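Single-structure report; data block below.
In each ligand, atom 1 is the first atom listed, and ligand 1 is the first ligand listed. Remember, it's a predicted structure, so these values are computed and weren't measured experimentally.
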Amino acid sequence: MQSLIILSLLLTVCSSTHLPSTFQKCDRHKGDFNQCLPKAVENAISQLNHSIPSVGLINFEPLKIPFLSVAPGGGPAQFYQNYTNLRLSGVTKIQFWRFDVDFDKKVIAFDFTNPELVLNFTYDVGGHILAFPLTGHGPGLIILSNLLSNYSCHFEEYEKNGEKHYRVTRSDLLMQPSLIHYKLDNLFNGDERLVK
Ligand SMILES: *[C@@H]1O[C@H](CO)[C@@H](O)[C@H](O)[C@H]1NC(C)=O
Ligand SMILES: *[C@@H]1O[C@H](CO)[C@@H](O)[C@H](O)[C@H]1NC(C)=O
Ligand SMILES: *[C@@H]1O[C@H](CO)[C@@H](O)[C@H](O)[C@H]1NC(C)=O
Ligand SMILES: *[C@@H]1O[C@H](CO)[C@@H](O)[C@H](O)[C@H]1NC(C)=O
């Protein structure tokens, strides 16, 4: 999710239209483009701790997501996860270590760290892990400390109404927090025998 935000910001930083005057710009045709990008994107994200209505940018601190549903995947863990009133804090405190855009190979790769990401939500889970039932509903909190993320994606160019557009065809995200702290109230619907 955070990578999607960064990607759309990257497109904003690269196109000269609708850009807040306080955002630093990078010229794709200049040799220092990949050195310019990490600082420019980092600086742009750090400014999102307030809304910028003139260009339609909302406040990202916290980032509010009304509803998020994660369908059961394959494998032994078969449960759905529904999150409501999700609030993600710490997004704008970000540092980029690498930001490479290769227009020939059509690959974007960046590494970034967040000192702390806090997720606050109401959750609803139901299903089973192997034969073990899992259900629960309640408030939840997840804190990721010293998060290092590596993101890469492949993109392709296409034309629409005579204009050049880009579309992500494949993306990979690796997130490595040094510590995960979580609190899910009422997991197993308060059955203490299962929580212990
Ligand atoms: C946003 O972040 C900047 C830089 O860290 C800080 O100076 C400013 O006070 C913050 N604004 C708000 C509304 O928190
Ligand atoms: C979770 O969300 C899915 C998709 O919107 C919905 O079908 C399902 O009923 C929801 N489950 C609960 C318990 O809210
Ligand atoms: C992730 O990013 C860090 C910091 O730039 C880097 O040292 C590390 O090699 C990267 N890991 C992967 C798997 O790309
Ligand atoms: C989570 O958000 C709710 C609603 O804003 C707030 O009342 C609660 O204190 C928050 N919890 C934590 C642990 O920050």
Could you tell me if [Y] and [X] have a donor-acceptor pair between their side chains, going purely by distance under 3.5 Å?
X: N59; Y: S51; result: no
X: S69; Y: N82; result: yes
X: T92; Y: E61; result: yes

Does G126 have a non-hydrogen atom less than 4.0 Å from ligand 2?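 Per 4.0 Å heavy-atom rule, G126 does not contact ligand 2.
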Structural part of Y123 in contact with ligand 2, heavy atom criterion under 4.0 angstrom: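 It is neither; nothing of Y123 touches ligand 2.
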Parallel under 30°, tilted from 30 to 60°, perpendicular over 60°: which one fits the rings of [X] and [Y]?
X: F121; Y: Y123; value: perpendicular
X: F103; Y: F33; value: tilted
X: F112; Y: F96; value: tilted

Going by the atom numbers of ligand 3, which of them fall below 4.0 Å from some non-hydrogen atom of W97?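 Result: 5 (O).
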Does a side-chain heavy-atom distance below 4.5 Å link V118 with L88?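 When only atoms from C-beta onward are counted, L88 and V118 do not touch, as no gap falls below 4.5 Å.
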Side chains of F155 and I108: closer than 4.5 Å at any heavy-atom pair?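 Yes, side chains in contact.
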Would you say that more than 12 heavy atoms from the other residues, nucleotides or ligands in this model lie under 6.0 Å from the NE2 of H154, or not?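 Above 12, so yes.
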Within the protein, residues bringing a heavy atom under 4.0 Å of ligand 1, chain by chain: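 Contacts of ligand 1 under 4.0 Å: N49.
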Check ligand 2 against [X] and write out every atom of the ligand that is under 4.0 Å from a heavy-atom position of the residue.
X: N82; answer: 1 (C), 2 (O), 3 (C), 8 (C), 10 (C), 11 (N), 12 (C), 14 (O)
X: S69; answer: 2 (O), 3 (C), 4 (C)
X: D124; answer: 12 (C), 13 (C), 14 (O)

Ligand 3 N/O within reach of N150 N/O, cut-off under 3.5 Å: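 Indeed, backbone or side chain, N150 has an N or O that close.
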Distance-only N or O hit between ligand 3 and D111, under 3.5 Å: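 Min N/O separation from ligand 3 is below 3.5 Å for D111.
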Closer than 4.0 angstrom, basic N to acidic O: yes or no for D100 and R98?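 Salt bridge between D100 and R98, a charged N being under 4.0 Å from a carboxylate O: yes.
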